[in-house]
Amino acid sequence: MMADRLDVLIVGAGFSGMYMLLKCREQGLKVRVIEAGSGVGGTWYWNRYPGARVDIQSLDYSFGFDENLEKEWRWSERYAPQPELLAYANHVADRFDLKKDISFHTKVTAAHWDAAADAWNVTLDNGEVIPARFVVMATGCLSVPTDVSFPGIEDYKGTIYRTSKWPHGGVDFSGQRVGIIGTGSSAIQSIPIIAESAAHLTVFQRTPNYSTPAHNGPIPEDDYKEWLADPRAFGARSRATSGGFWNDASADALATQTAPDDIKAELERRWAWGGFRILSGYVDQAIDPAANKIIADFIAGKIREQVKDPKVADLLTPKDHPFGTKRPCVDTGYYATYNRDNVELIDLRADPLERFTATGIKTKDHSFDFDAVVLATGFDAMTGAIERIDIRGVNGETIKEHWAAGPETYLGLMVAGFPNLFLITGPGSPSVLTNMINSIEQHVDYVARIIAHLNASQAGRIEASREAEQTWTDHCDQMAAMTLFTQTNSWYMGANVPGKPRRFMAYTGGLDVYTNICNTVADKGWEGFVIARGDQVLHESRKFDSLPPPPENMAPHLLDMAMGRVAAWMQEHGRV
Ligand code: NA7
């Protein structure tokens, strides 16, 4: 069944898909959004587990494109809970009457480039095929759960829940014996709440994570006043940071060159404030192991303070990765939960999980009976949702094939050989290292600008050149190699999915730097892109020359250290 041709088909109705729809409408484009769920909200539609909440402050985690929208919405807490975030998504959708252009309960299964038409043929799971000039992958970075399975899981007679696909009506664990596998952010947020109602909770931990307290609560009235006085300035200030959120960075202090008492005072201040503020205290934390250890040791001390049993505290303390190289968790009462009589921690490194049984879980040394088991086992991040669709570009190559050695993109936005296909917060963009809402807005605005430019110049397609894609990917690799990120087996590296190629998938240069690069590329006449209509090439710029200089604010010895690491990385990967 072939449908009428669209200008733009958007995959996903989370925050990126909704805003993209709005921007397309502004240009009078014929647009439709395809969404697998029954409602809008993406991450906040699916992840309804108890305790789910945003780890960026609500005032920062808000759309900034419409002042009236900003002024009429009022968050109740510093870190909004999932139901409120979902209500916000619905509010945005209703306010701009978005739902009429969204097809719910529908999945995109394939998109094949039709060179003769300068368009994509997009296939849906209901058999419909929709021709569309542009396809926008607003599919989210953490939207496809890993295919994790355990021997014997089919024999288990209790109920299995996944944090990433939580039942809409909620779950009542009262009086139940519950097991939870995983200690990432989803588990760390849900464990304290499940522990309050369950008769007994057993946490199966393979790797401990760093977590800092949210100190959540109502947003202080003064903060609201300051924000309401000028939400534009507030948003602009956040977007001009590397993380896309206001974080009280102390830009030039080095932990290795600061007196221990001063460091302690600074870290205590940041700990008391809570959340991600501890990430930005010292510039050397992300690149110098010695500096990182100072902060990691401080957090280890905080874990010991909160957990009464020293053995449990030790098990909860990360030892295998530098602080910040996995996305740190922001919790409410996580560590103190282990002081409860009804909570126990099983270290899967010492006592590995062997199998599920009919009544629970068998580890090497123990057997457990559970009424319910929660899987908080993570996502096939960044590439999972894109690679699961059969996307075939100009030579019939799939994106999955193109990314066989890890994702390669130009600016995290486009892939060579896949014209008119845009990724929102894709691999190679700052995305998951930032406040997603601000990165989404920057990307959607930019894609809308590209589409407007193509239409104004009556062009049929735009494609990233392979040369520009290679230069950008090398730059991303080199930037990542300057940090400690690449030393950790994280989902950022693709390390949580067996067989997934290892490549640090986000751009570490920061949202502010990245935005400048994107704008320079556009201002220089779409550097790195080929723009054409049918056989006629209208614009050809194959080189990407707008690489920023090495970080200017980095102390010389750090820069040397970082550059040394880049040189070693390049040698190891045969790039010199
Ligand atoms: P994460 O952070 O990927 O956490 C997944 C957890 O599940 C992590 O502790 C894993 O341990 C554990 N895991 C995964 N597979 C297994 C198996 N087979 N056995 C035991 N344990 C396992 O996902 P989240 O959903 O918590 O958070 C994702 C992001 O969402 C988060 O970073 C925030 O940005 C929001 P491992 O570390 O692999 O040893």
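For ligands, and for the atoms within them, numbers begin at 1 and follow the listed sequence. Basis for what follows: all heavy atoms, side chains included, without hydrogens, waters or symmetry-related copies.
- Asp155 places none of its side-chain heavy atoms less than 4.5 Å from the side chain of Phe356.
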Between ligand 1 and the protein, which N/O pairs fall short of 3.5 Å?
residue: ligand 1; atom: 7 (O); partner: Ala376; partner atom: O; Å: 3.2
residue: ligand 1; atom: 9 (O); partner: Thr183; partner atom: N; Å: 2.9
residue: ligand 1; atom: 9 (O); partner: Gly184; partner atom: N; Å: 3.4
residue: ligand 1; atom: 25 (O); partner: Ser186; partner atom: OG; Å: 2.6
residue: ligand 1; atom: 26 (O); partner: Ser185; partner atom: N; Å: 2.9
residue: ligand 1; atom: 26 (O); partner: Ser186; partner atom: N; Å: 2.8
residue: ligand 1; atom: 26 (O); partner: Ser186; partner atom: OG; Å: 3.4
residue: ligand 1; atom: 32 (O); partner: Trp491; partner atom: NE1; Å: 3.2
residue: ligand 1; atom: 34 (O); partner: Arg327; partner atom: NE; Å: 3.1
residue: ligand 1; atom: 37 (O); partner: Thr207; partner atom: OG1; Å: 3.4
residue: ligand 1; atom: 37 (O); partner: Lys326; partner atom: NZ; Å: 3.2
residue: ligand 1; atom: 38 (O); partner: Arg206; partner atom: NH2; Å: 2.8
residue: ligand 1; atom: 39 (O); partner: Arg206; partner atom: NE; Å: 2.9
residue: ligand 1; atom: 39 (O); partner: Thr207; partner atom: OG1; Å: 2.4

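- Atom NZ of Lys362 sits in a crowded spot, with more than 12 heavy atoms from other residues, nucleotides or ligands closer than 6.0 Å.
- Under the side chain to side chain donor-acceptor pair (under 3.5 Å) criterion, His105 pairs with no residue at all, not counting sequence neighbours.
- Taking CG of Asp297 as the reference point, atom CZ of Phe323 lies at 12.5 Å (rounded to 0.5 Å).
- Residue Lys319 places its NZ atom among more than 12 non-hydrogen atoms of other residues, nucleotides or ligands, all under 6.0 Å distant.
- Thr359 and Asp369 share a side-chain donor-acceptor pair at under 3.5 Å.
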